[in-house]
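Everything on this sheet refers to the single structure shown next.
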Amino acid sequence: MKRILFILISLTILSCAQQEEKNIDAYEPSIIPQPVTYESTDDTFVISKNINLDVKVEDDQAQTYVNGFIDFLTSAAISTNASTSDNTISINLNETEKEAIGSEGYDLEITKNSISLSANKAAGIFNGLQTLKQFFPVGFKYDETNKIALKGANISDYPRFAWRGLMLDVSRHFFSVEDVKSYIDKMSHYKLNTFHWHLTDDQGWRIEIKSLPKLTEIGAWRVERHGRFGSSRPYPKPGEKATYGGFYTHEQIKDIVQYASDRNITIVPEIDMPGHMMAALAAYPEMSVKKEKKFVAPGSKFSEWYGNGKFKMLIENTLNPADEKVYEFIDKIFTEVAELFPGEYIHMGGDEAYHGYWEADPTVRSFMKKNGIKDSHELQSYFVKRVEKIISSKGKKTIGWDEILEGGLADGAAVMSWRGIAGGIEAAKLGHNVVMSPTTFVYLDYTQGDYSVENKIYADLSLEKTYSFEPVPEGIDAKYILGGQGNLWTEVVPNLQYAYYMTYPRAFAISETFWSPKEKKNWESFIDRTEAHFARFDTENNNISKAVLDPIVRTYTEDGKMMCTLVNNATGTDIYYTIDNTYPAKFGTKYTGAFEVPKGSLSLHTQTVRNGKAIGRQLKIKREDLTKRVERKERVLIAED
Ligand code: ACM
């Protein structure tokens, strides 16, 4: 009798527990980038304190990725030591490769008590784990009294492009090893697999080259200046101490390379030449044409820009392409770079090289004559080909900004198209591989919100515009497009949190553009998922731009009146405004169509509202600034611009 009672009680407890589990709502994930196929099911995987992890991956790299996932579970207070648990996560490398998913794809199934992840290669395991982590609620920690469940799913997924990247400029501002790691870690969560590290420029040389020690002893440091970069900063005074800067030692670089590799990320190091070399020339002025002593640029103005890509460098910042010693110098640099970075590509820069000092110099001119080089463009092409030979002698492939195409390019070199997509089209037609990173779609230093609340740079780039990018131009064989990347130049980005602000959420758009099938891209779905990821950054206390929630304000004139329109890109929102110097805007008028801006000394206040709650920022724009927008003296962030 006692026994029967015990069984009855046990069954009751069990059935209550099951009942309870049935009532646990499954967390609805917002996956970025959108998987190739994703079927959401009614199953729920209730997270338990112990989960049985069944791993069959005889591959060190895959095991490293799995260890990263174990760390994730541990920090969520979930133990994986319990082979007694009803819940199992199994992770397998396929014994027979599944062609459809390639080397970076994966299959993921979430059912009642089991999660199964399989892939052909370690990279696929990594990517599948990133998707799986996004099934967990933001900042999840196991809590016995507040259980949660993962939503059932069937996913089969693989990337559209092999090169999915971000570039970080560490010359204009120095980012510590910890900052760089953090930047790399975050991009890996979104299946971005290429970190382009812009290591050298006029404002600082950041990589230790042991055979050329002055590059970092002198080139890594500049005098400290504040204020607007490239305009109001004074030149260094004679004898002034250079205190701002830093560089990465070989040991630190190896550590970062390993850290990136543990996150399925390849690093492409860039040594920008023959231009953008002022920091190197501060250390070794004999590598320039005029051989004059110079300083590492502290952000003071030393160039003039005339539009249409025409410019003048007021201080020489180019290597001398007519001096054999320069090629010996470059050889030494790339010998060490090639040893430090295991990836297949080295980036040689090649952009914005000013030819004026070459053209004016009699020795360079006589070199050109002797070698049958007809103009400075051919001279740059001669330089690029010599450098490409040096890089390939180290067992690496060359990639460079699209200027390296000018005058012909060595076979096997790849082109990074930044001045629009024209360079990419030309390169692909010539049979070169291309990485698309046009200013117009993926330049992450460009202003992403309204000027009344954002720093004004020379151009704008909204999230919607980034999302609209199609990397394969019509008529181009897609096989030449390796993929693409976003570029973060850091003239006005002095620290990691602001780097995040400028990078995200536009990097979500970049991730989806280069991972997801073209036909799967959908702005409404993307913006909803993006908002869910705002919470991830907020929970981690990382800075993400929510500019996309703000109204877009445009003005025009009609019958002598100034009219104003307000648009918003997020879903399910209204816009409210006032035009009588009162605020907050939420208590003003709901926007329903263009309205007149009355005359007088007044400001527009406007903000986005969802379900009665103000979201995004309240903009305040003075009438005189609204007038400038009519006259287009001031560019306005326009989604479809
Ligand atoms: C570049 O933006 N100068 C490549």
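Counting from 1, the numbers follow the sequence of the chain as shown. Ligands are counted one by one from 1 in listed order, and the atoms in each one are counted from 1 as well.
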Quick one: ligand 1 N/O to protein N/O pairs below 3.5 Å?
{"residue": "ligand 1", "atom": "2 (O)", "partner": "Tyr443", "partner atom": "OH", "Å": "2.6"}
{"residue": "ligand 1", "atom": "3 (N)", "partner": "Asp351", "partner atom": "OD2", "Å": "2.7"}
{"residue": "ligand 1", "atom": "3 (N)", "partner": "Glu352", "partner atom": "OE1", "Å": "3.3"}

Side-chain donor-acceptor contact under 3.5 Å, Lys521 with Thr513: yes
Check: His250/Glu339 side-chain N/O donor and acceptor closer than 3.5 Å: no
Glu304/Lys312 salt bridge by N-O under 4.0 Å criterion: no
With Arg160, the side-chain contact (heavy atoms from CB on, under 4.5 Å) member among Pro471, Pro33, Pro517: Pro471
Ser182 side chain vs Glu178 backbone, donor-acceptor pair below 3.5 Å: no
Ring centers of Phe295, Tyr235 separated by less than 6.0 Å: yes
